[in-house]
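Right, one structure below, let's go through it.
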Amino acid sequence: MTGNEERLTRSFYERDPLMVTKELLGRYIVRETGRGKIVGKIVETEAYIGPDDKGSHTFNNKKTKRTRVQYQERGLAYVFSIYGKNFCFCIVVGKDHEPAAALIRAVEPITGIELMKKNRTIKTGKIKDLTNGPSKFCQAFNITAKDYGIDLCGDDSLYLTKGEPADETSISRSPRINIDYAEEWKDKKWRFYITGNKFVSK
DNA sequence: CGACCGATCCTC
DNA sequence: AGGATCGGTCGT
């Protein structure tokens, strides 16, 4: 495996949410399984920043069973279900205990491609389709509700490493996807991706 | 307790 | 372009 294998520490996540979300690009996310290791390079992220952001689940400091982890320690996993069968994976980020999350929208498969194929329901031969969307990535890495709230700085089965941080010059940004309800907040360019990387979602 | 709906995926 | 699908959320 290429890339720096040191873990990202909690202090990495305890900073400005937009900065952290951008600097997640190029980092590696690792899932240890009984059958081996699954590794992906993060190539697309989005920032959701309560309490002002109408696109965020924590808009207006909304506290529910689902969002409670966003008010806890930085570096925890915020996993939620969407459209019945699908999950999305975020990392709790930001200063103090202000609610904010960085959504992982796509990764580039690095290690364990056969395991990813096995985990995905769709059996396409194309590597590109394994992880190029937030819920496709969760499927490939077997991330489900059971992973809600786990500490990515301390857990042995799911964590992030320093990897190959993306150059500032290779990063693009755009409005976030599928938040038409967010009114004036939907146009904020809080989606970050590695320019030209073919594993970015469509 | 019931109604609504989504940080999406997949097939048509 | 449209259907699937179900837990979280909220109003009653």
Side-chain angles (χ1 to χ4, degrees), chain A residues 13 17-18 20-22 24-25 27 29 40 42-72 74 76-94 98-109 116-150 152 158 160 172-194 198-202:
Chain A
Y13 302 110
L18 287 175
V20 177
T21 303
K22 185 176 71 169
L24 281 170
L25 293 176
R27 311 303 187 159
I29 180 161
I42 296 169
V43 299
E44 180 181 355
T45 57
E46 283 179 357
Y48 290 85
I49 305 172
D52 297 326
D53 176 9
K54 284 182 182 161
S56 171
H57 293 162
T58 49
F59 172 63
N60 208 14
N61 268 318
K62 188 157 82 170
K63 287 189 181 98
T64 65
K65 187 175 179 181
R66 178 171 71 162
T67 61
R68 79 174 194 285
V69 75
Q70 287 202 41
Y71 298 86
Q72 300 173 202
R74 314 293 91 179
L76 301 188
Y78 172 48
V79 180
F80 60 93
S81 65
I82 188 76
Y83 293 103
K85 294 205 132 81
N86 303 313
F87 291 97
C88 291
F89 170 82
C90 303
I91 303 167
V92 178
V93 300
E98 289 286 306
L103 170 71
I104 307 301
R105 285 193 56 87
V107 308
E108 173 177 340
M116 296 187 211
K117 283 184 180 170
K118 206 164 187 176
N119 289 338
R120 292 277 284 122
T121 50
I122 187 171
K123 300 302 178 192
T124 168
K126 297 178 188 166
I127 309 272
K128 174 172 72 68
D129 295 324
L130 284 174
T131 54
N132 62 344
S135 298
K136 298 181 191 177
F137 153 69
C138 283
Q139 258 189 31
F141 279 62
N142 189 26
I143 291 170
T144 67
K146 75 184 182 321
D147 298 304
Y148 182 89
I150 69 173
L152 301 165
L158 188 62
L160 278 82
S172 299
R173 55 192 298 173
S174 81
R176 295 168 292 176
I177 309 291
N178 280 344
I179 52 155
D180 291 343
Y181 52 83
E183 301 176 23
E184 70 268 29
W185 295 89
K186 78 171 161 30
D187 297 323
K188 300 266 182 204
K189 293 186 173 178
W190 289 356
R191 169 176 176 253
F192 302 91
Y193 58 97
I194 296 181
K198 71 175 188 174
F199 298 94
V200 170
S201 72
K202 293 168 284 283

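Only heavy atoms go into these numbers, but all of them, side chains included; no hydrogens, no water, no symmetry mates.
When heavy atoms are screened at a 4.0 angstrom cut-off, A/I122 is found touching the sugar-phosphate backbone but no base atom. Heavy atoms of A/F80 sit under 4.0 angstrom from at least one base atom. Within the 4.0 angstrom heavy-atom criterion, no nucleotide atom of any strand lies near A/R176. Within 4.0 Å (heavy atoms only), A/Y78 reaches at least one base atom of the nucleic acid. A/T121 comes within 4.0 angstrom of sugar-phosphate atoms only, judged by non-hydrogen atoms across all strands, and of no base.
Rounded to an integer number of Å, the gap from A/K85 NZ to C/dG3 C1' is 13 Å. One can place CG of A/L24 at 20 Å from P of B/dA7, the figure rounded to the nearest angstrom. Distance, A/F87 CZ to B/dG6 C1': 14 Å, rounded to whole Å. Residue A/I82 contributes atom CD1, which lies 18 Å from atom P of B/dC4 at whole-angstrom precision. The NZ-C1' distance, from A/K63 to C/dG8, rounds to 18 Å in whole Å. We find that NZ of A/K202 is positioned 11 Å from C1' of B/dC10, with the value rounded to whole Å. In this structure, A/K128 atom NZ and B/dC10 atom C1' are separated by 14 Å, rounded to whole Å. As a whole-Å value, the separation of A/R105 CZ from B/dC9 P is 7 Å.
A/M116 approaches A/T131 most closely through the heavy-atom pair SD-CG2, 4.0 Å. The minimum heavy-atom distance between A/V200 and A/V43, with the atom names listed, is CG2-O, 3.8 Å.
Between A/Y83 and C/dG3 there is no side-chain polar atom (N or O) within less than 4.0 angstrom of OP1 or OP2. In terms of phosphate contacts, A/R66 brings a side-chain nitrogen or oxygen within less than 4.0 Å of OP1 or OP2 of C/dT9. For the OP1/OP2 pair of C/dC6 and a distance below 4.0 Å, the side-chain nitrogens and oxygens of A/S81 include no atom meeting the criterion. For A/N178, a side-chain nitrogen or oxygen approaches OP1 or OP2 of B/dT8 to under 4.0 Å. One finds a side-chain N or O of A/K62 lying less than 4.0 angstrom from the OP1 or OP2 phosphate oxygen of C/dC10.
With DNA chain B read from its 5' end, the first of the two nearest nucleotides for A/I177 and A/Q139 is the one closest to A/I177.
Listed nucleotides: B/dA7, B/dC10, B/dG6. Nearest to the side chain of A/R120: B/dC10. For A/K136, the listed nucleotide lying nearest its side chain is B/dC10; candidates were B/dC10, C/dT5, B/dA7. Of all nucleotides listed (C/dC10, B/dT8, B/dA7), B/dT8 comes nearest to the side chain of A/N86.
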**OP:** List the steps and the verdict of salt bridge (charged side-chain N to carboxylate O under 4.0 Å, His left out) for A/R176 and A/D53.
**Re:** CA-CA 12 Å; A/R176 295 168 292 176; A/D53 176 9; 2.7 Å; yes

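Using a cutoff of 4.0 Å between basic side-chain nitrogens and carboxylate oxygens, A/K54 and A/E183 are scored as salt-bridged.
A 3.5 Å limit on both hydrogen-bonding distances identifies C/dG2 as the Watson-Crick or G-U partner of B/dC10.
Not a single donor-acceptor pair under 3.5 Å links the side chain of A/S174 to the backbone N or O of A/K189. A donor-acceptor distance shorter than 3.5 angstrom exists from the side chain of A/Y71 to the backbone of A/N61, with no hydrogens or angles considered.
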